[in-house]
Q: 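Before anything else, here's the structure in question.
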Number of protein chains: 2
Amino acid sequence: MEARVAEQATAQQANRRRATLTRESILEAALRLCSPEGGGQLTFSRLGKELGADPTAVYRHFRDKDELVLALADVTIQEGIELARAKLPGGPSEDWRAWLTVTAESVRASYLARPALAVLAAARTTASPSETGSVELLISVLHQAGLPPIEAAECYRSLLDMTLAMTQYTAAFSSLDRSVQEKDEAAWAVKYGMLPEDEFPLLHQSAPRLTELFRDDDQVFRMVLETFLDGVAARIARAGNA
Amino acid sequence: MEARVAEQATAQQANRRRATLTRESILEAALRLCSPEGGGQLTFSRLGKELGADPTAVYRHFRDKDELVLALADVTIQEGIELARAKLPGGPSEDWRAWLTVTAESVRASYLARPALAVLAAARTTASPSETGSVELLISVLHQAGLPPIEAAECYRSLLDMTLAMTQYTAAFSSLDRSVQEKDEAAWAVKYGMLPEDEFPLLHQSAPRLTELFRDDDQVFRMVLETFLDGVAARIARAGNA
DNA sequence: CGCCGCTGTCAATGGCATTGACAGGCTCGT
DNA sequence: ACGAGCCTGTCAATGCCATTGACAGCGGCG
């Protein structure tokens, strides 16, 4: 198998009549397509063009698009985990908050580098074995912080889902047509610019901040994350007192 | 205009050669299609069949699918707000927590009654004037609870985005093919059933709880919401002390 | 040496949103 | 009451999409 793959890779270099695909080359090309620079759209025909092969050749390596997407999600998640590991101190430190923050933001960043993939994959369960270690680690960080095991697991699950959901949400908006985005934004700005102060005093006052947040999904995510973590802190304190 | 609509509605009853559409009848039919009972898929051809008219007739009333989806989102949001109002005491009470909980869950429920719509619309900004009052109300509840206006607005925005994101996330999964869902679930169960206890002690211990949560997105949402609100409570306390 | 399986190619299918040409009927101004 | 013109439904066609089945070359294995 190893030898075959190498051989095929060589054949690919030589510009033969038939393109020669591998699982890896396909994944690479697909990831490229998912990024904004790569067009931000994953379709078989684009993928074929990118690979210099017939679009349907991909079906020899992945049963259908779903399987391809799942594989892409897998490498993206792994990438996110590695990103987090690189930014984090070696062992499970006592700073649970930094751990959760960095992990969540790394996974998010990894997905947001390929919005098209985030839209397609975020709601799917990868269940890849590669992440299991990280999950145990994360839960143990929460456990050491003072949460009982089950509650730590619940907390991990909440954080993960929240992060993936917000990421997909952002990606969905950012992979809309520019024109649509601008339409939405214009409508929003008009609406918040014209609020009568006497009828909506608070809204009128915070309108500038709200329009600022409209442009900046990352800021909103960070706020949600911070508030969520404040809640976790409160739970830890409560568990400690009990 | 009023008279015309009534007239057309009558003509619709009588099974004439030409179906007669109105904005309202289209919205109704589309909402039906978005619900699980209605098939859970919104396409022009289905919509045409549902209305007994040519699919392209819809274009006379909505410029494109996006405009239709936005309109559907609008009625869904309004429905959610009304749902919340029905469950809530009259004025802005002192119980900010109940307000936020009920509002978030009502909007979520309203969307989840039409998963197909949630997938399509949750990331879009409606900017409908109908909700403005509710937003002001929500912010004022947070303000009265002790948050400064800007922070109250940020908090509202965070909660809204989090809720919509989690809702879209759930809807995306629930509108997958049964077969795919079951595949995911099976993979998950296998993975968590076979964890070696010595390598993943915490994960092994909380596996049952985690598999339980897999099936129950609503429970996860409630957990996220609770934790988030705990965080808000901490902020309110902090603001009070300052 | 010949068979078979792996993998790329090609043509076709069916679903989708969207468009433009057409046509009937209604309203409104005269 | 009549005709112009718009409103709105219909039809045919376009182009993108995922997926399938038939076919063909290449390479390895018996």
Q: Decide yes or no on salt bridge (charged side-chain N to carboxylate O under 4.0 Å, His left out) for Glu212(B) and Arg157(A), but give the supporting numbers first.
A: CA-CA 11 Å; Glu212(B) 186 188 339; Arg157(A) 180 67 208 266; over 6 Å; no
Q: Tell me the interatomic distance from Asp66(A), atom CG, to dT19(D), atom C1', rounded to whole angstroms.
A: 14 Å
Q: Rounded to whole angstroms, how far apart are NZ on Lys65(A) and C1' on dC16(C)?
A: 13 Å
Q: Take the protein atom CG of Asp54(B) and the nucleotide atom P of dA23(C), then report the distance between them rounded to whole Å.
A: 16 Å
Q: From the list dC22(C), dT19(C), dG8(C), which nucleotide is the closest neighbour of the side chain of Arg60(B)?
A: dC22(C)
Q: More 5' along DNA chain D: Thr56(A) or Arg46(A), using each one's nearest nucleotide?
A: Arg46(A)
Q: Atom CD of Glu24(A) to atom P of dT7(C): distance rounded to whole Å?
A: 12 Å
Q: Closest to the Tyr59(A) side chain: dT19(D), dG9(D), dG8(C)?
A: dT19(D)
Q: Taking only Lys NZ, Arg NE, NH1 and NH2, and the carboxylate oxygens of Asp or Glu, determine whether Asp66(B) and Lys183(A) approach each other closer than 4.0 Å.
A: yes
Q: Nearest heavy-atom pair of Asp64(B) and Phe44(B): which atoms, and what distance?
A: C-CZ, 4.4 Å
Q: Quickly work out the Gln41(B) CD to dC16(C) P distance and round it to whole Å.
A: 7 Å
Q: Give the rounded distance in Å between these two atoms: CG of Leu47(B) and P of dG9(D).
A: 12 Å
Q: Among dA18(D), dA17(C), dT10(D), find the nucleotide with the atom closest to the side chain of Phe44(B).
A: dA17(C)
Q: Salt bridge or not between Glu37(A) and Arg114(A)? Use side-chain N to carboxylate O under 4.0 Å.
A: no
Q: Would you tell me if any nitrogen or oxygen in the side chain of His61(A) comes within less than 4.0 Å of OP1 or OP2 on dC6(C)?
A: no
Q: For the pair made of CG in Leu33(B) and C1' in dG15(C), what is the distance, rounded to whole Å?
A: 15 Å
Q: So what does Leu68(B) touch, heavy atoms closer than 4.0 Å: a base, only the sugar-phosphate, or nothing?
A: nothing
Q: Tell me the interatomic distance from Arg23(B), atom CZ, to dG9(D), atom P, rounded to whole angstroms.
A: 14 Å
Q: When you check the phosphate oxygens OP1 and OP2 of dC16(C), does a side-chain N or O of Ser45(B) lie under 4.0 Å from one of them?
A: yes
Q: Phe173(B) vs Phe214(B) aromatic rings, parallel, tilted or perpendicular, using cut-offs 30° and 60°?
A: perpendicular
